[in-house]
Amino acid sequence: MKLKRAADDPVLSPRKNITWEKDAVFNCGVHFEDGVYHLLYRAVSHKKDDPNRSSIGYAYSKDGVNFKRREKPVLSPGASAEEAQGVEDPRITKIDDKYYMLYTAYDSNKTRIAMAVSGDLINWQRKGIVLDWELFGNNKDAALFPEKINGRYIMLHRPEPDIYVSSSRDLKKWDNHRCIMKPKYGWEEKKIGAGAQPLKTEKGWLLIYHGVDSDSVYRLGAALLDLENPTKVVKRQSAPILEPETDWELTGDVNNVVFTCGAVLRDNQLEVYYGGADKVIGLARADIGDFIN
Ligand code: BMA
């Protein structure tokens with residue numbers, strides 16, 4: 001499987017007149033429902049003595065390409081000591097009638113996984129840190145599965161350099177921690193991490209993830225996890241499905257990066273929203289038919 005860019009240009013770029021997102025908009029979670037694409041994206045405003053402080057903004061679209069944005073962020077940094085330096089990389093999952101956002105809480109030293117819950121994707125209630133820092137150290141790249149499996153909620157996360165799965169009865173206490181994927185191919189030699197929220201197919205959970213090579217180039221890859229036992233990797237493609245090629249993927253705030261936090265699957269059409277060089281948001285698509293069969 002290979003992703004094909006929907007256009008030569010990004011679908012979302014920073015709004016220069018909006019302070020909190022004037023310098024970068026990138027890594028976004030996406031949720032598609034009733035004909036509307038909802039994006040929750042990481043936005044950055046650089047200040048000379050305070051670079052790289054992230055908020056999370058909201059955008060929506062009917063065609064998946066032309067987005068309208070809210071004036072204000074839906075989540076701002078600084079609500080707690082853990083989030084003092086930013087809220088980053090949101091991943092969205094709908095379970096029953098609630099939306100869950102897992103995001104990175106950054107305090108300028110440690111990264112932790114945090115959760116927020118919403119009924120409308122705009123008003124979010126913080127639920128705090130998901131796994132104690134003492135358990136895994138720095139952790140991020142977390143995403144929830146859209147349904148319980150064997151009565152338990154399932155979460156992907158990434159203590160460096162591997163992808164883990166943990167489960168929970170109540171979304172509060174997490175256990176059954178299992179490493180499910182380690183770096184394997186040259187392009188993911190340094191580390192891997194979950195990308196988009198897991199997408200259900202009849203052949204397994206489709207996982208679009210990122211891999212980082214020894215030169216810190218970020219690429220995207222694809223794997224399939226067993227439907228009933230998502231700790232089992234059924235398939236993993238050896239070649240990346242997307243790598244930095246366009247100017248806006250090669251050059252930005254962090255060069256040579258394609259990084260996803262969200263994708264939509266409609267029939268066999270996969271639509272991946274991704275950050276280009278930590279600066280803009282691009283869209284690329286693929287037919288997953290050959291990959292899952
Ligand atoms: C990762 C995350 C992402 C970022 C990537 C490349 O560690 O912080 O938000 O896109 O690095 O800089």
Side-chain angles (χ1 to χ4, degrees), residues 10-14 20-21 23-30 39-46 50-57 73 75 77 82-92 101-114 133 136-143 156-164 181 183 187-197 208-221 240-246 248-263 272-284:
V11 292
L12 224 68
S13 298
W20 56 276
E21 67 159 74
D23 292 306
V25 296
F26 51 123
N27 309 343
C28 58
V30 54
L39 287 195
L40 286 131
Y41 58 93
R42 177 173 170 192
V44 164
S45 169
H46 294 306
D50 185 17
N52 219 11
R53 203 157 186 255
S54 302
S55 306
I56 292 175
L75 227 58
E82 288 90 352
E83 297 183 0
Q85 192 58 27
V87 287
E88 307 179 348
D89 300 356
R91 292 171 175 91
I92 313 301
M101 183 202 299
L102 291 180
Y103 60 98
T104 306
Y106 182 46
D107 68 0
S108 83
N109 179 28
K110 294 177 172 139
T111 62
R112 300 174 171 90
I113 296 162
W133 192 87
F136 289 100
N138 287 339
N139 205 342
K140 50 164 72 171
D141 300 331
L156 295 162
H157 59 107
R158 201 289 304 278
E160 278 196 31
D162 306 323
I163 298 177
Y164 272 65
M181 279 169 65
W187 60 272
E188 49 178 49
E189 189 180 336
K190 205 155 146 186
K191 56 186 171 179
I192 55 174
Q197 79 283 18
I208 306 302
Y209 67 99
H210 67 261
V212 188
D213 74 9
S214 51
D215 295 321
S216 296
V217 177
Y218 281 70
R219 296 179 176 83
L220 299 183
I241 59 168
L242 189 75
E243 54 189 334
E245 277 167 7
T246 65
W248 45 274
E249 295 160 357
L250 296 170
T251 311
D253 281 1
V254 181
N255 296 343
N256 304 312
V257 176
V258 290
F259 189 101
T260 186
C261 294
V272 177
Y273 290 84
Y274 64 96
D278 285 7
K279 189 81 178 167
V280 293
I281 294 173
L283 166 63

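Whatever order the structure lists ligands and atoms in, that order sets their numbers, starting from 1. Position 1 is the first residue of the sequence, and the numbers go up from there.
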Give the residue, atom name and distance (to 0.1 Å) of the protein heavy atom nearest [atom].
{"atom": "atom 12 (O) of ligand 1", "answer": "Asp278 OD2, 2.7 Å"}
{"atom": "atom 3 (C) of ligand 1", "answer": "Asp89 OD2, 3.3 Å"}
{"atom": "atom 1 (C) of ligand 1", "answer": "Tyr218 OH, 3.6 Å"}
{"atom": "atom 8 (O) of ligand 1", "answer": "Lys140 NZ, 3.2 Å"}

Positive for side-chain contact (heavy atoms from CB on, under 4.5 Å) with Pro10, one of Leu283, Val280, Ile281: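 When side-chain contact (heavy atoms from CB on, under 4.5 Å) is applied between Pro10 and each of Leu283, Val280, Ile281, only Val280 qualifies.
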Pair Tyr41 and Tyr273, ring centroids less than 6.0 Å apart: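 Ring centroids of Tyr41 and Tyr273 are no less than 6.0 Å from each other.
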State the atoms of ligand 1, each with its element, that fall below the 4.0 Å cut-off from a heavy-atom position in Val254.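 Close to Val254: 12 (O).
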Just which atoms of ligand 1 are under 4.0 Å from any heavy atom in Arg42?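 Ligand 1 atoms under the 4.0 Å threshold to Arg42: 3 (C), 8 (O), 9 (O).
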Which residues pass the side-chain hydrogen bond (donor to acceptor under 3.5 Å, both in side chains) test with Glu82, not counting sequence neighbours?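 Glu82 satisfies side-chain hydrogen bond (donor to acceptor under 3.5 Å, both in side chains) with Ser80 once adjacent residues are dropped.
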Does one side chain, of His157 or Asn139, offer a donor that lies under 3.5 Å from an acceptor on the other?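 Yes, Asn139 and His157 have a side-chain donor paired with an acceptor closer than 3.5 Å.
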For ligand 1, does Thr104 get within less than 4.0 Å through its side chain, its backbone, both, or neither, judged by non-hydrogen atoms?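 Looking at Thr104 and ligand 1, no heavy atom falls under 4.0 Å.
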Please identify each residue that fulfils side-chain contact (heavy atoms from CB on, under 4.5 Å) with Asp215, with sequence neighbours left out.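 Here the qualifying residues are Asp213, Val217.
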Keeping the roles fixed (side chain from His46, backbone from Asn52), state whether a donor-acceptor pair exists under 3.5 Å.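 Present.
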Is there a polar contact, in the sense of an N or O pair closer than 3.5 Å, between Glu88 and ligand 1?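 By distance alone, the answer is no.
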